[in-house]
Number of protein chains: 2
Amino acid sequence: MVKIWNHFHMAAETTTLSRKEREFLAREELILKHARRLLIERGFQAWNMDQLAEAVEYSKGTLYQHFTSKEDLVLAVATDSLRTRAEWFEKAAKFQGSTRERCRAIGFACCEFAEKCPDFFHVEMMLKSASFWEKASEQRRQNHAFEGARCWRILNHIVVEAMALGDMPRDAFSAEEATFALVSVTMGSHVMTQEPQLCVLAGITNQMRTVRLNQDIICDGLNWKPLFSQHDYSATDRRIIKEVFPEAMNWYRA
Amino acid sequence: MVKIWNHFHMAAETTTLSRKEREFLAREELILKHARRLLIERGFQAWNMDQLAEAVEYSKGTLYQHFTSKEDLVLAVATDSLRTRAEWFEKAAKFQGSTRERCRAIGFACCEFAEKCPDFFHVEMMLKSASFWEKASEQRRQNHAFEGARCWRILNHIVVEAMALGDMPRDAFSAEEATFALVSVTMGSHVMTQEPQLCVLAGITNQMRTVRLNQDIICDGLNWKPLFSQHDYSATDRRIIKEVFPEAMNWYRA
DNA sequence: AAAATATTTTGACCAATGGTCAAAATATGG
DNA sequence: CCATATTTTGACCATTGGTCAAAATATTTT
């Protein structure tokens with residue numbers, strides 16, 4: 001089974017599949033769709049496999065032909081999200097502009113993603129616990145790692161280019177360190193802005209604005225030219241929204 | 001029961017307690033000690049209340065006289081850690097030096113804390129899930145919020161002072177926004193450096209060095225004087241270690 | 001078309017575990 | 001020493017992730 005599924009993702013829809021294989025894949029998507037819904041609506045604990053089985057109108061045993069455990073299933077949902085994120089990163093990286101503007105476009109991709117896949121960060125947090133990770137199948141772990149590396153590479157590539165072009169100094173830290181700083185501040189900002197208590201203390205009302213502000217601060221700290229004070233990024237923002245993420249208009253407020 | 005426990009933390013050891021109350025508190029500490037050990041050794045899932053009961057040599061029913069649920073117990077462990085962190089923050093904030101140097105001392109407190117309380121971030125991640133949080137008692141939630149706010153205030157106070165003294169510009173962002181950026185990058189860095197896959201991609205070998213580098217980048221981005229290039233912070237580091245966290249020598253490498 | 005064989009689906013069942021509570025044990029007071 | 005109050009216990013319960021033999025369905029053979 002795993003083989004078929006994997007094959008699907010490698011060769012995509014172009015390969016001819018038997019009716020059975022197509023049915024199997026369609027069902028897997030159905031299961032993932034419902035699992036994601038339950039995950040968003042209730043979180044990991046507050047639903048069980050019986051309820052999911054009822055929702056997809058298959059028995060529990062059938063669920064376990066697709067996934068080795070509840071954790072395995074949830075990891076698959078997370079990897080799906082991560083794949084979407086990587087795709088949006090790729091779209092953003094193609095934005096026409098300076099290296100820092102392209103980095104900004106990826107920042108928008110991040111926010112847009114957080115808006116559209118609200119389950120992602122919650123699940124990603126769960127993946128930090130070892131016991132969760134080890135209940136998932138090797139195949140799913142690899143898929144997740146693959147999509148994670150994809151996201152990393154897209155951003156890192158821009159940083160490398162920035163250094164090559166002289167937009168960012170290369171003496172204080174490596175490109176990888178700079179990329180890691182960006183990743184850290186982004187993840188940290190997303191997680192922290194979901195803490196109601198802290199948002200009250202900090203007077204935060206607009207989460208996405210906060211995430212992007214922190215990204216600006218990091219980029220300035222990395223000495224990534226042009227600095228925030230040297231360039232009108234609100235004009236860039238309008239272009240990013242118009243050309244790459246029209247939907248971002250909903251959460252963006254200048 | 002809760003009343004007694006709370007009373008303890010309000011009035012501390014100065015109040016005279018009956019033998020029963022002392023025994024009760026001693027047992028609670030014993031439970032917390034063993035719960036923390038299990039949490040570090042195995043994580044949340046891989047131990048159960050029966051095992052804990054056996055370890056502390058009391059029955060399961062007795063455990064539930066102290067804690068309303070497993071989550072409640074684990075939250076208590078986390079709050080204990082958070083209290084320690086707040087105390088170290090306070091110690092660090094008293095460091096004699098510029099505002100940015102004192103911020104740096106708090107950065108050291110963070111790393112030292114991560115080193116000594118390795119369970120903290122794992123548990124803190126679990127607190128992001130709503131279902132966890134709502135299984136804990138109101139009292140414990142409040143205690144946790146209290147210690148969290150304490151940490152926030154210590155750092156925020158230094159940022160406010162930095163702005164007042166002109167060490168940091170006050171036109172680009174508020175003191176709260178600056179504090180939030182610091183908190184975000186720190187949490188994000190700690191979480192991300194615990195991701196083996198990412199560490200390989202980024203070529204990270206020294207986690208604490210990475211956390212502190214990212215803090216430097218954020219501080220520079222906040223334009224917090226003196227900037228990293230304007231001052232010999234390795235000298236500051238030596239002083240912080242000598243005067244505040246001698247143990248930090250173990251993970252610090254210039 | 002019917003029987004034989006292979007594959008898929010099912011849901012009763014199992015084991016693990018967080019949590020409860022009546023009964024036993026212990027402490028307190030007279 | 002008894003009576004009463006308090007504390008501790010562990011058998012028991014309900015939930016739930018996961019299994020597997022049997023039923024249902026599909027495919028092949030005669």
Side-chain angles (χ1 to χ4, degrees), chain A residues 1-5 17-28 30-31 34-35 38-39 42-77 123 126 129 131-137 140, chain B residues 1-5 17-28 30-31 34-35 38-39 42-77 123 126 129 131-137 140:
Chain A
M1 298 309 175
V2 173
K3 228 176 197 172
I4 295 170
W5 193 83
L17 300 167
S18 70
R19 178 176 57 78
K20 287 223 170 181
E21 284 170 320
R22 283 195 315 265
E23 280 174 3
F24 185 86
L25 290 169
R27 190 171 60 188
E28 183 143 318
L30 180 76
I31 296 170
H34 281 272
L38 288 169
L39 213 48
R42 314 192 200 173
F44 183 76
Q45 301 279 1
W47 58 275
N48 59 43
M49 297 300 271
D50 290 279
Q51 287 162 9
L52 178 61
E54 194 177 357
V56 297
E57 292 183 296
Y58 282 98
S59 74
K60 204 157 62 159
T62 302
L63 296 183
Y64 280 92
Q65 278 187 335
H66 291 261
F67 305 97
T68 63
S69 66
K70 189 181 180 184
E71 281 80 2
D72 192 52
L73 165 56
V74 169
L75 179 58
V77 173
V123 178
M126 303 179 56
S129 107
S131 65
F132 188 99
W133 201 252
E134 65 203 19
K135 277 178 196 159
S137 66
R140 291 241 151 62
Chain B
M1 297 309 174
V2 171
K3 230 175 197 173
I4 295 169
W5 193 82
L17 300 167
S18 70
R19 178 175 58 78
K20 287 223 170 180
E21 285 171 319
R22 282 195 315 269
E23 280 173 3
F24 186 86
L25 290 169
R27 190 170 60 186
E28 184 144 316
L30 181 75
I31 297 170
H34 281 271
L38 288 168
L39 214 47
R42 313 191 200 174
F44 183 76
Q45 300 279 0
W47 58 275
N48 59 45
M49 297 299 271
D50 290 279
Q51 288 163 9
L52 179 60
E54 194 177 355
V56 297
E57 291 182 295
Y58 282 97
S59 74
K60 204 157 62 158
T62 301
L63 296 183
Y64 281 91
Q65 278 187 336
H66 291 261
F67 306 96
T68 61
S69 66
K70 190 180 180 186
E71 282 81 2
D72 193 52
L73 164 56
V74 169
L75 179 58
V77 172
V123 179
M126 303 179 56
S129 107
S131 64
F132 187 99
W133 200 254
E134 65 202 20
K135 276 176 195 158
S137 66
R140 290 240 153 60

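Note: hydrogens, waters and symmetry copies are ignored here, and every other heavy atom, side chains too, is used.
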Quiz item: Would a 4.5 Å heavy-atom cut-off, applied to side chains only, mark A:Leu39 and A:Val123 as touching?
Solution: yes
Quiz item: Considering only heavy atoms from C-beta outward, does the side chain of A:Glu54 approach that of A:Met49 to under 4.5 Å?
Solution: no
Self-check item: Quiz item: cation-pi between A:Lys70 and A:Tyr64, 6.0 Å / 45°
Solution: no
Quiz item: With a 4.0 Å cut-off on heavy atoms, is B:Ser69 in touch with a base, just the backbone sugar-phosphate, or nothing at all?
Solution: sugar-phosphate
Identify the pairs formed between an N or O of the protein and an N or O of nucleotides 24-29 of chain C at a distance under 3.5 Å, and give each distance.
{"from": "C:dT28", "atom 1": "OP1", "to": "B:Arg19", "atom 2": "NH2", "distance (Å)": "2.9"}

Quiz item: Are the aromatic rings of A:Phe44 and A:Phe132 close, with centres under 6.0 Å apart?
Solution: yes
Quiz item: Tell me: NZ of B:Lys70 to P of C:dT17, nearest whole Å?
Solution: 8 Å
Practice problem: Can you measure from OG1 (B:Thr62) to CZ (B:Phe67) and round to the nearest 0.5 angstrom? | Solution: 12.0 Å
Self-check item: Pair partner, C:dA16 [Watson-Crick or wobble, under 3.5 Å]
Solution: D:dT15
Quiz item: What's the CG-C1' distance between B:Asp72 and C:dG19, to the nearest Å?
Solution: 13 Å
Exercise. Identify, residue by residue, the members of residues 44-63 of chain A with a heavy atom below 4.0 Å from DNA chain C, and return them in order of residue number, or none.
Key: A:Tyr58, A:Ser59, A:Gly61, A:Thr62
Exercise. Report yes if the side chains of A:His34 and A:Glu57 come closer than 4.5 Å at any heavy-atom pair, otherwise no.
Key: no
Quiz item: Between A:Lys135 and A:Ser69, what is the shortest heavy-atom contact and its length?
Solution: O-OG, 2.9 Å
Self-check item: Whole-Å distance separating the CZ atom of B:Phe24 from the P atom of D:dT7
Solution: 9 Å
Exercise. Can you tell me the distance, in whole Å, between the NE2 atom of B:His66 and the P atom of C:dG19?
Key: 16 Å
Quiz item: How long is the line joining OH of B:Tyr64 and P of D:dC13, in whole Å?
Solution: 17 Å
Quiz item: Side chains of A:Val56 and A:Leu63: closer than 4.5 Å at any heavy-atom pair?
Solution: yes
Practice problem: Mind calculating the distance between CD (A:Gln65) and C1' (D:dT19) to the nearest angstrom? | Solution: 12 Å
Exercise. Locate the shortest heavy-atom distance separating B:Val77 from B:Ala35; write the atom from each residue and the value.
Key: CG2-CB, 4.1 Å
